[in-house]
Number of protein chains: 4
Amino acid sequence: MNLKMKKQLQKKKDMLRSAAMVISKKGYHRATMDDIAAELLMTKGALYYYFANKEELIFQCHEMILSEAIEEIEAILALEVTSIEKMEKAIIRHIYFAIDEKEMFNMLLQPESTFADQHISVILEKREKYSSLFDEIIAEGKRNGSFRVKEAKMVRMIILGAMNWIQQWYSSKGEQSKEDVAKIYAEYLLKILI
Amino acid sequence: MNLKMKKQLQKKKDMLRSAAMVISKKGYHRATMDDIAAELLMTKGALYYYFANKEELIFQCHEMILSEAIEEIEAILALEVTSIEKMEKAIIRHIYFAIDEKEMFNMLLQPESTFADQHISVILEKREKYSSLFDEIIAEGKRNGSFRVKEAKMVRMIILGAMNWIQQWYSSKGEQSKEDVAKIYAEYLLKILI
Amino acid sequence: MNLKMKKQLQKKKDMLRSAAMVISKKGYHRATMDDIAAELLMTKGALYYYFANKEELIFQCHEMILSEAIEEIEAILALEVTSIEKMEKAIIRHIYFAIDEKEMFNMLLQPESTFADQHISVILEKREKYSSLFDEIIAEGKRNGSFRVKEAKMVRMIILGAMNWIQQWYSSKGEQSKEDVAKIYAEYLLKILI
Amino acid sequence: MNLKMKKQLQKKKDMLRSAAMVISKKGYHRATMDDIAAELLMTKGALYYYFANKEELIFQCHEMILSEAIEEIEAILALEVTSIEKMEKAIIRHIYFAIDEKEMFNMLLQPESTFADQHISVILEKREKYSSLFDEIIAEGKRNGSFRVKEAKMVRMIILGAMNWIQQWYSSKGEQSKEDVAKIYAEYLLKILI
DNA sequence: CATGAATGAGGGTTCATTCAT
DNA sequence: GATGAATGAACCCTCATTCAT
């Protein structure tokens, strides 16, 4: 029984991952339920067996991705290292994610007012939760004297905005390795904090 | 004759502006030609007299807005002030634009792979042109010793990314005035350059 | 201008009439928008130019038919004849309608819980309005001593029920002419009132 | 074995009864096989074990209900009472049924051209059989001088139609008890016969 | 016997686009 | 130049039905 449920859960995750692929590649509106089903080697009908409708599907995509991202940054927060190192790691982690999972990441940046009010609040909450983890690092850094910033919220926004923009220009085929990019970004962004 | 053409041009600009409003408010896909026509107090049919199709319409929106933005930054570049001041002014100008014309600005950030190849290259070229103006300021600053950065391209991306993200969180109803936001952003972002 | 609007109104009426034909022949659920459009020698798209959706379409059918029926019985009520004659004429009129416009009439009898609350109240009101015209005749007859009934409401229901059932068995190909049927029904039903 | 079959039969009857409930409440088209299965605390798959398809299911519903109704009226016919009393009892029985089992009764009134030809003839035959029982009472009454009607068929139709219409207006929450309604109806309808 | 999963054929609806007037 | 009307291709979604397990 438990095994069965685990399998089901795994399957749903796999489906969400594939769906996110298509959706973020084509965009929410251009990706049809047929497209998504095809990617899953299913028919549309089967898709609707698992998800009530298109919005529900994309909503669950969002949720899954955000939850995973939150977990990872939380793990960094729990490390026993300096605040500077935490921020560095968080920045690098974020950038790796933005590059490695470009499609899914991209999806998060374009909620496109697709969601019904009920869903949107959940998503926004989770987004805020994620962002607040960066706030925590900043706050911790201020407390122990590592960082010297007054407008913490805005600094957080600057950092997140700078990182998210990578989407728009980075190409894995380019000359820069993702490791280099991440390192350089971390270096420059830390200049703002210190 | 010349007057007539001017009038026509002005009319078209007005149309583009209104259209951009609707499109960026609703998003490209949710904004129907009917919506746009209604905003222009026209019928759909009339709209098609001026623009061959929806893509052409949005393409011209993009072009107009970008051209105007480029002009403004070019004007700053031509000023006889220090590089630091130029960058400061450019940042503030950009942020004002992002806040004051949120809808149009937003449209620029979501090309959404709407464009056919033919159009997209024109847009990308113009975008690049705009971005390169920031490069020029940075280069100038490096030449005259004001700025000390190695990875100029990446720094430019950090700055642009940070600024564009304002879209996502700034609300005119919030406590922060746009003047404050622009000033603070300029201050922090200049820290990266110096 | 006025002529144009009249034409449009007439066209809409024609459309409603044809639509009612299909719908009542096939039933609301079996009649597809394609079917209806085909009957109108149109495409589905054109249909949606005139009616927001299927429910709106059928709602307007109902309304039109009921309105016309109400007018006719009201005309009978206004005649200067005895109550008995009025009831006789109303019965005959109703039965003619049930037989001549079998399809539309049939549609009225099967609201099939198709309507949204907003619409259903309008329809029920109009139905009640129609039925109340029979009440008025009965009341008038009681006042002037022609009729001798205690439970007026129930008698009205008996009369309407009996007449509406004709739908279920009368066939124009059968031996009975509609004139005969109407006359006999009137005769028997008046026995209840007198 | 015999016991087993009896149990099975009973089970099927229970299923039909529950199914009829859902179908007549929602209407044939709005009631999905899922709905029906849920009411039976089963899954769709199981339902298909018992019934070949949806039409078969509703067909058996019809048949069961009609058979039961026929039996009851036949019992009345066999009583040793006057024709007037028989008709009175039949009317009352019919009305009780219409009120007590509103949903199932309602289903019978809306065959909705759901049935394939093969089925429909069986149903129509059974309906006719039921109706003919009223004919028999009338005929018997005519023979023994209780009733004085020429157009027996039409009178039967008037009586049935009047009774079936009760569906449309009677509410158990209303002021009238079903006993009152049945009595009054019987009284008025007998006026037609005598 | 029963279930979960899948299929596939529509049906309602939207909307960019066209065109006669 | 402008309008109303119409088209048709997609798209989301539903649901009766099937079937391996």
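Letters A, B, ... mirror the listed sequences (proteins, then strands); counts begin at 1. Predicted model only: the values in this text are computed from it and were never measured.
For D:M21, the CE atom sits in a loose shell: 12 or fewer heavy atoms of surrounding residues, nucleotides or ligands are nearer than 6.0 Å.
Candidate nucleotides F:dA5, E:dA5, F:dT3 were compared by shortest atom distance to the side chain of C:Y50, and F:dA5 ranks first.
In this structure, A:F115 and A:F59 have perpendicular ring planes: the angle between them is above 60°, well past the 30° mark. Ring pair D:H29/C:H29 is parallel by interplanar angle, where below 30° counts as parallel and above 60° as perpendicular.
Nucleotide F:dC11 holds its P atom 12 Å from the CD1 atom of A:I36, rounded to whole Å. One atom, CG of B:L47, and another, C1' of F:dG1, lie 13 Å apart when rounded to the nearest Å. Distance, C:F59 CZ to E:dG12 C1': 20 Å, rounded to whole Å. Rounded to an integer number of Å, the gap from CE of A:M42 to P of E:dA6 is 5 Å. Taking atom NZ of C:K11 as the reference point, atom P of F:dG4 lies 14 Å away to the nearest angstrom. Taking atom CG of B:L40 as the reference point, atom C1' of F:dA2 lies 14 Å away to the nearest angstrom.
To the nearest 0.5 Å, atoms CG (B:L57) and NZ (B:K12) are separated by 10.0 Å. For the atom pair CG (A:L40) and NZ (A:K11), the distance works out to 9.5 Å, reported to the nearest 0.5 Å.
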Base-contact (B) and sugar-phosphate-only (S) positions in nucleotides 13-18 of chain F, heavy-atom cut-off under 4.0 Å, - elsewhere: BBSSBB
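Where C:L41 and B:A46 each meet DNA chain F at their nearest nucleotide, the meeting point lying more 5' is that of B:A46.
Formation of a donor-acceptor pair under 3.5 Å by the C:S121 side chain with backbone atoms of C:Q118 is found in this model. Judged by distance alone, the side chain of B:R127 and the main-chain N or O of B:L108 form a donor-acceptor pair under 3.5 Å.
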Show me the donor-acceptor pairs within less than 3.5 Å that the side chains of residues 31-39 of chain A make with the rest of the protein, sequence neighbours left out.
from  : atom 1 : to    : atom 2 : distance (Å)
A:T32 : OG1    : A:D34 : N      : 3.3
A:T32 : OG1    : A:D35 : N      : 3.0
A:T32 : OG1    : A:D35 : OD2    : 3.3
A:D35 : OD2    : A:K26 : NZ     : 3.3
A:D35 : OD2    : A:T32 : N      : 3.1

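Checking the phosphate oxygens (OP1, OP2) of F:dA2, no side-chain nitrogen or oxygen of B:Y49 falls inside 4.0 Å.
Backbone-only contact: B:Q8 has heavy atoms under 4.0 Å from sugar-phosphate atoms and none from a base.
Both the sub-6.0 Å distance and the 45° axial angle are satisfied by C:K54 relative to the ring of C:Y28.
Scanning DNA chain F for stems, defined as runs of 3 or more consecutive Watson-Crick or G-U wobble pairs whose donor-acceptor distances all fall under 3.5 Å, gives the following ranges: E:2-21 with F:2-21.
Across the C1' atoms, F:dT21 and E:dC1 are found 13 Å apart, a figure rounded to whole Å.
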